[in-house]
There are 2 protein chains.
Amino acid sequence: MVPSEDSILTNLRRGALEYCVLASLREGEAYGFDIARRLVADGVLMGGEGTLYPLLARLRKAGLVSTSWQESDAGPPRRYYAITDDGARALDTFRRAWTSFRDAVDLTLEGPR
Amino acid sequence: MVPSEDSILTNLRRGALEYCVLASLREGEAYGFDIARRLVADGVLMGGEGTLYPLLARLRKAGLVSTSWQESDAGPPRRYYAITDDGARALDTFRRAWTSFRDAVDLTLEGPR
DNA sequence: CTGGGTACCATGCGTCGCATGGTAGCAGGA
DNA sequence: TCCTGCTACCATGCGACGCATGGTACCCAG
C-alpha cells in the first residue's frame, strides 16, 4: 500500500531530470554513456541508460543541445552533446520554476507549525 | 521550442502534489473543494480541480486517507478527508525521498563551480 | 574466434496531471 | 415561479515522460 522510496523518486524525476542533464553540460560537451555513468552513480537522479537516450533525443529535437560525432580510441564512435543558447535559456527558465516549486513543497512539508 | 514555465511546473508536480495534499491534512480533516482553493491559490502546486479529485480517489484506494460525509449549512454535502497511519508513514517516506532528490537537483543546478 | 566491455538506439507500457464536461443542492432576485 | 450562479463532487480521455527490455555494432584480450 505504502509506495517505496524508489517509485517516489521515479515520479519526482519527471521534468527535472531533463534539465539536470542540461545543467551538467555547462561544464563542456559530453557523450551519452559518460553522462549516464555520472548520473546513475548517485542513484537519485537517474535509474538507467534506458532513460537517457530518449531524453537526449528530445533535447536535440527541441534544439536545446547540438551534437557531433567523434571517433574514440577504444570502442565505437561517440556522439557528443553540447548545450545551445536556447538550451541555456531553457535552463534559466527551469531554474526559476524549480526554486519556486521547491520552496512551495518545503513550506507545505514543514507545515505552518 | 523553449518550454514555458507553466509546462515545466506541470511536470514537476508529478509525484509531489499527492504528498503535499497529504501534508496539508496533518492540520486536520478537510474537504475537496477547500483543499483545491488553498492549493490553487498559490499557483505553483496545483492547476485546477480536475487534478484533485482523481488524486484524492487514489489516496483513498491506497488507504492513505479515510473519508466521511458531512452535511453542509450551505450547499451539497461534503466529503471530508483525514490522513491515516499509513498516510503518515507514506509522508515520512516521501520526505526522505524529497530531501535527497531536492539536494541532488540543487547541487546539479548550482554546478561544482 | 569468442567473450565482455563500450556505446548507441528503438519500442511499448504504466502512471499521473490536466482539460473538459457533467450532476446536484441551495440561495437570491426579477 | 423561474433562472442564474455558487458550491461541491465526479468521470473520461489525452499526452508526456521515466523505465524495462532488447537489439546492434565496435574493439580488445585471452
Side-chain angles (χ1 to χ4, degrees), chain A residues 3-4 6-22 30-40 43-62 65 67-81 94 97 101 105, chain B residues 3-4 6-22 30-40 43-62 64-65 67-81 94 97 101:
Chain A
S4 74
D6 274 352
S7 69
I8 292 176
L9 278 177
T10 290
N11 285 320
L12 285 179
R13 290 193 253 264
R14 288 229 168 209
L17 181 50
E18 190 174 343
Y19 294 95
C20 287
V21 169
L22 261 191
Y31 63 99
F33 204 75
D34 202 38
I35 299 175
R37 258 201 306 250
R38 280 199 300 236
L39 293 189
V40 168
V44 174
L45 287 180
M46 195 164 56
E49 289 178 55
T51 308
L52 185 63
Y53 288 103
L55 186 156
L56 287 171
R58 281 199 305 275
L59 290 179
R60 192 175 25 151
K61 271 177 208 146
V65 300
T67 63
S68 65
W69 285 100
Q70 289 175 225
E71 294 297 325
S72 164
D73 293 352
R78 300 162 175 173
R79 196 202 282 269
Y80 277 81
Y81 297 83
F94 172 76
F101 175 78
V105 172
Chain B
S4 74
D6 274 353
S7 68
I8 292 176
L9 278 177
T10 290
N11 285 321
L12 285 179
R13 289 191 253 264
R14 286 229 168 209
L17 180 51
E18 190 173 341
Y19 294 95
C20 287
V21 170
L22 261 192
Y31 63 100
F33 204 76
D34 201 40
I35 300 175
R37 258 201 308 251
R38 279 199 302 235
L39 294 189
V40 168
V44 174
L45 287 180
M46 195 162 58
E49 290 178 53
T51 307
L52 184 64
Y53 287 104
L55 186 156
L56 287 171
R58 280 199 304 276
L59 291 179
R60 193 175 23 150
K61 272 177 208 146
L64 305 183
V65 299
T67 64
S68 65
W69 285 100
Q70 288 176 224
E71 293 299 322
S72 164
D73 293 351
R78 300 163 175 173
R79 196 204 282 268
Y80 277 80
Y81 297 83
F94 172 76
F101 175 77

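A note on names: the letters A, B, ... follow the listed sequences, proteins ahead of strands, and every chain is numbered from 1. All values derive from a computational prediction rather than experimental measurement.
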To the nearest 0.5 Å, what is the distance between [atom1] ([X]) and [atom2] ([Y])?
X	Y	atom1	atom2	answer
A:Met46	A:Ile35	CE	CD1	8.0 Å
B:Leu55	B:Arg13	CG	CZ	12.0 Å
B:Leu22	B:Leu56	CG	CG	9.5 Å
A:Gln70	A:Arg79	CD	CZ	12.0 Å
B:Leu52	B:Leu59	CG	CG	9.0 Å
B:Asp34	B:Arg37	CG	CZ	5.0 Å

[X] [atom1] to [N] [atom2], straight-line distance once rounded to whole Å:
X	N	atom1	atom2	value
B:Gln70	D:dT7	CD	C1'	16 Å
B:Tyr31	D:dT7	OH	C1'	8 Å
A:Tyr19	D:dG18	OH	C1'	15 Å
B:Ile35	D:dC10	CD1	P	12 Å
B:Asp34	D:dT7	CG	C1'	11 Å
A:Arg37	C:dT6	CZ	C1'	8 Å
B:Leu52	D:dA11	CG	P	13 Å

task: Check whether any side-chain heavy atom of A:Leu12 sits under 4.5 Å from a side-chain heavy atom of B:Tyr19, and report yes or no.
output: no
key: Side chains of B:Tyr31 and B:Trp69 in contact at under 4.5 Å (non-hydrogen atoms)   = no
Correct closest heavy-atom pair for A:Gly32 and A:Tyr81 would be N-CE1, 4.0 Å
Letter by letter from the 5' end, nucleotides 13-21 of chain C scores (B base, S sugar-phosphate only, - none; protein heavy atoms under 4.0 Å) -BBBSBBB-
Reading nucleotides 24-30 of chain D from 5' to 3' and marking B where a protein heavy atom lies under 4.0 Å of the base, S where only the sugar-phosphate is that close, and - otherwise, the string is --BS---
Practice item. Identify whether any heavy atom of B:Tyr81 sits under 4.0 Å from a base atom; if not, whether one sits that close to sugar-phosphate; answer base, sugar-phosphate or nothing. Key: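 Touches sugar-phosphate only.
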Q: Compare side-chain N and O positions of A:Tyr53 against OP1 and OP2 of C:dA10 and report whether any pair is under 4.0 Å apart.
A: no
Under 4.0 Å from OP1 or OP2 of C:dA7: is there any side-chain N or O of A:Arg78 that close?
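So the side chain of A:Arg78 is within the cut-off, an N or O lying under 4.0 Å from OP1 or OP2 of C:dA7.
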